[in-house]
Amino acid sequence: MRIESLLRHFAPLAMMALLAVAGASSPHAFAGDPTRPDCSRAYTLALHEHGLLYSRQTGKGIDKDIADELIRRSGCRINVVVLPRARIWQLIESGGLDFSLSGISNPTRDSFAGFAWYFSNKYYLLVRRDSGIQRVTDFPRNPQLRLGAIRSFRYNPGANRLVDALDASLRVSYATGLAPLYENLLAGQIHGMIIEPFDYPAVESASLREQTTILEFDDPPVPHGLIMSRQAVPAADQARWRALIDQMREDGTVERIFAQYFKPELAREMTRF
Amino acid sequence: MKTLGQLRDLLLPIAVGLFTLTVVGWLWWHERQSLDANLRADFDFSVRLASTRIEQRVANYEQMLRAARGLFDASDHVSRDNFSAFVDALTQGAEFAGLQAFMFTRWQGEGKAAPILYVSPDSADNRPILGYNLLDNPPRRAAMLQARDSGEIAITPRVKLLTDQPDGPAAVAIYLAVYDRNLPVDGPAARQAALRGWVHTAFRIRDLMASLYGEGIPGVAIRIHDGAVATPDNLLFESHPGADQLPPPRFSTTEYISFPQHSWTLQIRTTPTFEERHSRRSEHIIAVAGVCGSVLLGLFTWLLVTGRARAHARAQAMTRELRESEDRMRHMAQHDPLTQLPNRALFSDRLRAALARARRDRGSAGLMFVDLDHFKDVNDACGHAVGDQLLVAASARMRDCLRESDTLARIGGDEFVVLLPHIDDRTDAELVAGRIRAALAQPFAIDGRELSISASIGIGIFPEHGADDVSLMKSADDAMYRAKDIGRDQLVFAG
């Protein structure tokens with residue numbers, strides 16, 4: 001009798017607890033949970049074409065995989081679009097875009113965007129062998145040499161200094177994608193460009209490997225992450241998305257994604273920082 | 001010392017002038033840098049504007065094609081009217097300006113033609129291209145197959161519009177594949193199997209640029225080349241034909257716009273009108289006003305620094321002039337204007353002083369009255385001018401016969417007096433008088449004439465011929481008259 005009474009009293013609570021446990025595997029069930037992103041509206045996430053990060057041609061890339069994982073884990077409806085990087089930063093600043101990926105911060109960007117880091121990498125200067133460049137510091141000294149860069153890209157402090165100094169003397173040719181820069185590097189129209197590990201497959205093509213060499217900047221690796229527009233995503237929501245990214249790093253998901261594109265050692269180095 | 005002082009006085013004004021010039025120079029440089037920075041920012045803005053606008057416009061075209069693909073994805077059968085109505089609704093916005101035509105081409109299978117099935121607007125210009133097999137056109141075929149395999153847009157290299165003549169303006173076509181909505185499209189092979197056709201559009205580059213910029217960006221010349229490496233052969237558009245003939249640009253740069261598997265190269269440079277938009281007047285005003293101000297400030301400082309010294313120098317000059325004027329006046333008051341010899345007043349002073357000294361020293365002094373004989377005859381015969389010259393010459397000879405301490409004075413027309421303040425006795429006076437007579441006896445050559453004169457001399461000795469100046473003068477004067485009375489050219493002592 002006593003047991004029956006207990007069951008009668010606690011059965012609803014037990015059912016609620018069971019439902020809660022079961023519901024944990026379904027993201028939609030936790031739309032109101034303060035530890036989960038708010039999925040009450042659709043979001044827009046922009047990818048940009050950049051080596052292994054994303055290729056429109058194949059429709060694949062690290063950022064695409066990260067985006068897919070974010071969509072899966074959050075349960076939110078996220079429209080993925082492909083835009084030039086410069087346009088992405090403009091839209092993030094204005095609030096016309098919610099998210100993008102593989103972004104690095106600087107004081108200006110910090111004013112309009114929040115970040116959730118999931119990897120870090122170093123920057124390298126890819127130069128033509130016939131340019132006579134032995135060290136990064138040799139590049140600005142020769143006024144005949146031109147650098148190619150993606151408009152709006154920022155790098156580590158050393159690379160930023162190099163780009164800014166050359167830009168001041170109109171020695172930078174900007175592009176919205178890497179392909180024309182590689183082509184012009186081979187044609188001798190530009191003499192160097194800044195690359196990241198995502199660009200290794202292109203750099204390892206026979207023609208580029210023959211004609212170019214890679215120089216390293218002295219700076220430490222720079223963290224990259226999910227870019228969140230401050231205009232579009234409130235601070236509390238940013239914290240939830242950041243927690244989601246941290247979870248992806250902690251459970252090894254990010255490293256596994258990177259390992260599909262890089263050697264395991266490099267994937268580990270890039271994602272454990 | 002004076003030079004050192006002058007240098008010191010110049011140092012501060014020069015330092016002030018240089019300091020002001022430095023400040024002006026810095027201001028001028030700052031203004032110039034600011035203008036240059038504005039020019040550069042303006043140029044950068046123009047460059048970004050150009051590339052962004054072109055990119056955005058092509059992105060708009062892409063969105064339109066994707067919307068049209070959505071039309072085909074939504075229905076197994078899209079009629080010509082459906083297509084036209086859809087395109088009409090789409091192309092209302094200004095962002096689609098420049099599009100020549102919007103088309104659907106059906107894929108009929110490998111090895112078969114791919115004719116243009118629908119074209120919108122269905123105008124008389126566009127209608128002839130219906131049925132045209134695009135796969136016969138190599139650049140278009142390549143883009144169509146690329147679009148088919150990628151599922152993304154594909155842009156052709158430079159082509160001519162099908163409605164244009166073979167030598168028509170440069171154009172490009174954009175293709176987007178349309179697939180069977182019931183088949184998967186997750187890879188190139190699947191896409192090839194699901195291909196239903198293409199929605200595509202084409203536009204002249206000049207129409208695109210005109211729709212973006214109208215008459216163009218003032219002061220900026222744009223060239224668009226098809227491909228990542230610019231060559232004359234792949235020129236798509238040139239806003240300023242012949243820009244190479246212009247003077248070297250202030251700024252120029254190259255920018256690349258990437259499309260899937262394709263790039264455009266933008267060569268952007270300034271023309272001479274670019275700088276004219278930014279007035280450099282303030283820079284010139286600073287330079288001119290600053291230099292003038294610096295010079296004036298230096299001058300003002302010099303006036304301040306040297307004011308006391310200059311006032312002192314002026315006072316000294318005025319004092320000197322005053323003293324000289326006083327000396328001149330005193331000389332005039334005490335000397336004969338013709339011979340410059342002391343006059344009667346000065347002579348009287350010296351006589352009294354000499355007599356006082358002789359009285360104190362118990363010494364002697366001599367006083368001579370010298371009268372030139374027949375001088376009036378010279379004046380009458382030769383004129384006063386010659387007479388005056390004779391008086392000057394005679395006084396000079398008499399002066400030469402005297403010691404420095406003796407005084408020769410002219411007290412009348414041809415009357416002279418001589419004071420000998422230091423004599424021992426009358427012999428000294430007689431000796432001097434003899435020398436005077438001898439000197440005057442020599443002929444004078446005046447104005448081309450030879451004139452001969454003599455002198456009657458009366459001598460008084462102090463104290464024996466007079467105890468004071470008045471009595472001594474009278475004694476000597478009387479003696480001189482006696483010399484004249486006894487036949488002139490004589491020497492007579494008083495007493």
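Hydrogens, waters and symmetry mates are skipped; everything else that's a heavy atom, side chains included, is used.
Of the two parts of B:S258, the backbone and the side chain both hold a non-hydrogen atom closer than 4.5 Å to a non-hydrogen atom of chain A. Of the atoms belonging to B:E152, it is side-chain heavy atoms, and not backbone ones, that fall under 4.5 Å from chain A. Of the atoms belonging to A:V172, it is backbone heavy atoms, and not side-chain ones, that fall under 4.5 Å from chain B. Within the 4.5 angstrom heavy-atom criterion, only side-chain atoms of A:L181, from C-beta onward, approach chain B. Within the 4.5 angstrom heavy-atom criterion, no atom of B:F259 approaches chain A. Neither the backbone nor the side chain of B:T265 comes within contact range of chain A; no heavy atom of the residue lies under 4.5 Å from a heavy atom of that chain. Heavy-atom distances place no part of B:Q267 under 4.5 Å from chain A, backbone and side chain included.
For the options A:R87, A:R146, A:Q90, heavy-atom pairs under 4.5 Å to chain B are most numerous at A:R87.
The shortest non-hydrogen separation linking B:R48 to A:A86 is NH2-CB, 4.3 Å. A pairwise comparison of heavy atoms in A:N184 and B:V229 identifies OD1-CG2, 4.0 Å as the closest pair.
Distance CG/B:D44 to CG/A:L170: 7.0 Å, rounded to 0.5 Å.
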Verdict with supporting geometry, B:T254 and A:Q189, side chain to side chain contact (heavy atoms under 4.5 Å, CB included): CA-CA 10 Å; B:T254 304; A:Q189 301 290 316; over 6 Å; no
Full working for side chain to side chain contact (heavy atoms under 4.5 Å, CB included) between B:T52 and A:R151: CA-CA 11 Å; B:T52 306; A:R151 193 173 273 291; 5.9 Å; no
Audit row: A:Y174, B:V47, side chain to side chain contact (heavy atoms under 4.5 Å, CB included) steps and yes/no: CA-CA 10 Å; A:Y174 287 103; B:V47 171; over 6 Å; no
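Around atom CZ of B:R66, more than 12 heavy atoms belonging to other residues, nucleotides or ligands sit under 6.0 Å away.
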